[in-house]
Number of protein chains: 2
Amino acid sequence: MLSKKFAYALRGLTYIALHGSIEKKISLQELSDGIDVPHFFLGKIMQELVRNEIVSSVKGPGGGFWIEDSAMNRSAFEILKMIDPKVVASNCLMGKKNCDHDRPCPLHAEYVACRNTLFDSLKETTLFNLAGKVEAGELFLDEKNNSKICTL
Amino acid sequence: MLSKKFAYALRGLTYIALHGSIEKKISLQELSDGIDVPHFFLGKIMQELVRNEIVSSVKGPGGGFWIEDSAMNRSAFEILKMIDPKVVASNCLMGKKNCDHDRPCPLHAEYVACRNTLFDSLKETTLFNLAGKVEAGELFLDEKNNSKICTL
DNA sequence: TAAATTAAAGATATTTATGTCTTTAATTTA
DNA sequence: TAAATTAAAGACATAAATATCTTTAATTTA
């Protein structure tokens with residue numbers, strides 16, 4: 001796991017992408033229950049995603065969160081940079097100050113290769129993809145029941 | 001970076017592997033100066049490595065740390081498991097409780113592939129390798145000077 | 001043996017990440 | 001318009017990681 005913030009953000013976004021829409025907004029209550037994440041902490045994360053226009057929200061009765069179609073193609077990598085910029089920045093396993101191709105630490109090549117592979121995957125994975133994979137039924141977000149139907 | 005502890009451990013071990021021996025023990029003072037890491041924090045990390053028999057030490061004047069030949073083939077992965085077991089254990093990017101091949105999260109395959117690649121590299125990299133790479137002169141540990149000769 | 005040196009151990013402090021609670025603002029509904 | 005509902009914002013609390021300091025134990029040297 002890179003951080004809880006990022007993990008919760010991905011779970012929350014997937015839930016909203018899957019179950020929400022402009023007609024069916026997802027309240028923070030439903031969301032934190034649905035993905036089993038601390039209510040208020042998730043609230044803070046959602047605020048950040050709203051500020052960054054990944055998620056839309058309205059207050060008041062019937063209010064909640066949803067994702068506009070235009071935001072459904074934002075990538076998991078964009079979310080990571082937004083939520084956890086330090087993780088993306090810290091590019092040396094050995095904590096060397098300026099670790100790069102020209103003056104690499106002894107593990108530079110291996111670590112860069114690994115990170116690039118992951119980051120490329122995250123760049124290719126959109127919110128639409130995340131929801132689609134869960135909907136396809138082979139993938140799951142939690143363990144609330146044992147059925148093949150994902151409770152998310 | 002996985003954690004500062006692991007980063008500092010790798011730097012310290014590489015320094016000792018490169019500059020130390022039973023005849024030339026490395027004091028904590030020399031070590032923390034040499035790799036530019038907080039003295040006492042590094043001390044704690046070294047204690048853990050000594051307890052786990054990666055590093056040998058003696059107290060008193062002329063005392064310090066060194067690595068026995070038999071320990072020079074311990075891998076970076078062993079160090080990671082020892083220093084930071086949680087990092088090795090936390091195997092889901094989305095924080096799903098039981099994320100595995102049978103009930104994967106939507107990013108399971110990608111994340112596992114990335115981690116395995118890195119872990120395999122770390123398993124193949126011994127303390128001997130780390131020192132050797134630095135000694136070969138293409139790789140570096142710090143930026144204390146600009147020469148091609150690694151100050152480590 | 002006494003003094004000096006060095007790592008080990010333990011206590012404490014600070015910072016960052018994570019988690020919680022309260023108040024405010026926006027919106028809807030009666 | 002008043003009451004209810006919900007997210008936003010801000011303050012606060014706790015836990016984990018990182019960092020520091022002090023005391024103790026081992027070893028060497030004079």
Side-chain angles (χ1 to χ4, degrees), chain A residues 1-12 16 20 22-67 80 82-87 89-90 95, chain B residues 1-12 15-16 20 22-67 80 83-87 89-90 95:
Chain A
M1 187 152 47
L2 299 183
S3 72
K4 294 204 175 185
K5 265 181 82 178
F6 182 53
Y8 295 167
L10 286 180
R11 299 235 297 280
I16 297 170
I22 179 84
E23 297 90 20
K24 185 174 176 309
K25 303 181 183 77
I26 308 294
S27 73
L28 183 59
Q29 190 62 59
E30 174 183 348
L31 188 60
S32 61
D33 287 351
I35 64 175
D36 194 25
V37 156
H39 183 95
F40 292 110
F41 189 34
L42 183 59
K44 290 296 177 194
I45 296 168
M46 294 312 297
Q47 286 173 28
E48 203 169 341
L49 294 172
V50 168
R51 273 197 300 276
N52 284 280
E53 299 180 316
I54 302 296
V55 169
S56 306
S57 71
V58 289
K59 299 174 184 176
F65 303 97
W66 75 98
I67 300 173
L80 178 61
M82 178 176 300
I83 288 288
D84 246 320
K86 279 186 191 170
V87 169
S90 81
Chain B
M1 186 153 45
L2 300 184
S3 72
K4 293 202 177 184
K5 264 181 84 178
F6 182 53
Y8 295 168
L10 285 180
R11 300 235 297 281
Y15 186 101
I16 297 171
I22 179 84
E23 296 90 20
K24 185 174 175 310
K25 304 182 182 76
I26 309 294
S27 73
L28 183 59
Q29 190 60 59
E30 173 184 349
L31 188 60
S32 62
D33 287 350
I35 64 175
D36 194 24
V37 157
H39 182 95
F40 292 110
F41 189 34
L42 183 59
K44 289 297 178 195
I45 296 168
M46 294 312 297
Q47 286 173 28
E48 203 168 341
L49 294 172
V50 168
R51 273 197 299 276
N52 284 281
E53 299 180 317
I54 302 296
V55 169
S56 306
S57 72
V58 288
K59 299 173 183 174
F65 304 96
W66 76 98
I67 300 174
L80 178 61
I83 288 288
D84 247 320
K86 280 186 190 171
V87 169
S90 81

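Values reported hereafter were calculated over all heavy atoms of this structure, with side chains retained and with hydrogens, waters and symmetry mates removed. Every chain is numbered from 1 and lettered A, B, ... according to where its sequence line falls, protein lines coming before strand lines.
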| said: Please classify the nucleic acid contact of B:Tyr8 as base, sugar-phosphate, or nothing, using heavy-atom distances under 4.0 Å. | reply: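 It contacts sugar-phosphate atoms only.
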| task | Just call it for B:Gly43: base, sugar-phosphate, or nothing, with non-hydrogen atoms closer than 4.0 Å on any strand. | result |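 Touches nothing.
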| said: Tell me which one of B:Ile22, B:Ile26, B:Val55 satisfies side-chain contact (heavy atoms from CB on, under 4.5 Å) with B:Trp66. | reply: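 Passing option: B:Ile22.
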Rounded to the Å, how far apart are [X] [atom1] and [N] [atom2]?
X: A:Leu49; N: D:dA9; atom1: CG; atom2: P; result: 13 Å
X: B:Leu42; N: D:dT18; atom1: CG; atom2: P; result: 14 Å
X: A:Ile35; N: C:dG19; atom1: CD1; atom2: P; result: 12 Å
X: B:Leu31; N: C:dT5; atom1: CG; atom2: P; result: 20 Å
X: B:Lys25; N: C:dT5; atom1: NZ; atom2: P; result: 17 Å
X: B:Leu28; N: D:dA25; atom1: CG; atom2: P; result: 20 Å
X: B:Ile45; N: D:dT18; atom1: CD1; atom2: P; result: 9 Å
X: A:His39; N: D:dA8; atom1: NE2; atom2: C1'; result: 12 Å

[X] to [Y] - nearest heavy-atom pair and separation:
X: B:Met1; Y: B:Ala7; value: SD-CB, 3.5 Å
X: B:Ser57; Y: B:Phe65; value: CB-CD2, 3.6 Å
X: A:Ile35; Y: A:Tyr8; value: CD1-O, 4.1 Å

Checking contacts here: which listed nucleotide ([options]) is nearest the side-chain heavy atoms of [X]?
X: B:Arg51; options: C:dA8, C:dG19, C:dA9; answer: C:dA9
X: B:Pro61; options: C:dG19, D:dT28, C:dA9; answer: D:dT28
X: B:Ser57; options: D:dT6, C:dA8, D:dT18; answer: C:dA8
X: B:Lys86; options: D:dA17, C:dT18, D:dT20; answer: D:dA17
X: A:Phe40; options: C:dA7, C:dT22, D:dA8; answer: C:dT22

| Now, which nucleotide makes the Watson-Crick or G-U wobble pair with C:dA17, with each of the two distances under 3.5 Å? |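 When the pairing criteria are applied, D:dT14 turns out to be the nucleotide that pairs with C:dA17.
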| query | In the structure shown, which nucleotide is the Watson-Crick or G-U wobble counterpart of D:dA25, with both distances under 3.5 Å? | reply |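 Check on D:dA25: paired to C:dT6, both distances under 3.5 Å.
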| side-chain contact (heavy atoms from CB on, under 4.5 Å) assessment of B:Ile83 paired with B:Leu49 | CA-CA 8 Å; B:Ile83 288 288; B:Leu49 294 172; 4.2 Å; yes
Is there a donor and acceptor pair, one atom on the side chain of [X] and one on the base of [N], closer than 3.5 Å?
X: A:Lys5; N: C:dG19; answer: no
X: A:Gln47; N: D:dA9; answer: yes
X: B:Lys59; N: C:dA8; answer: no

| field | Position toward the 5' end of DNA chain D (nearest nucleotide), A:Val58 or B:Leu2 | value |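 Result: A:Val58.
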| message | Quick check for you: to the nearest 0.5 Å, what is the distance between A:Leu42 atom CG and A:Gln47 atom CD? | response |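 Answer for the CG-CD pair, A:Leu42 versus A:Gln47, is 10.5 Å.
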| request: Could you pick out which residue, B:Gly64 or A:Lys44, lies toward the 5' side of DNA chain C when each is mapped onto its nearest nucleotide? | output: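 The 5'-side residue here is B:Gly64.
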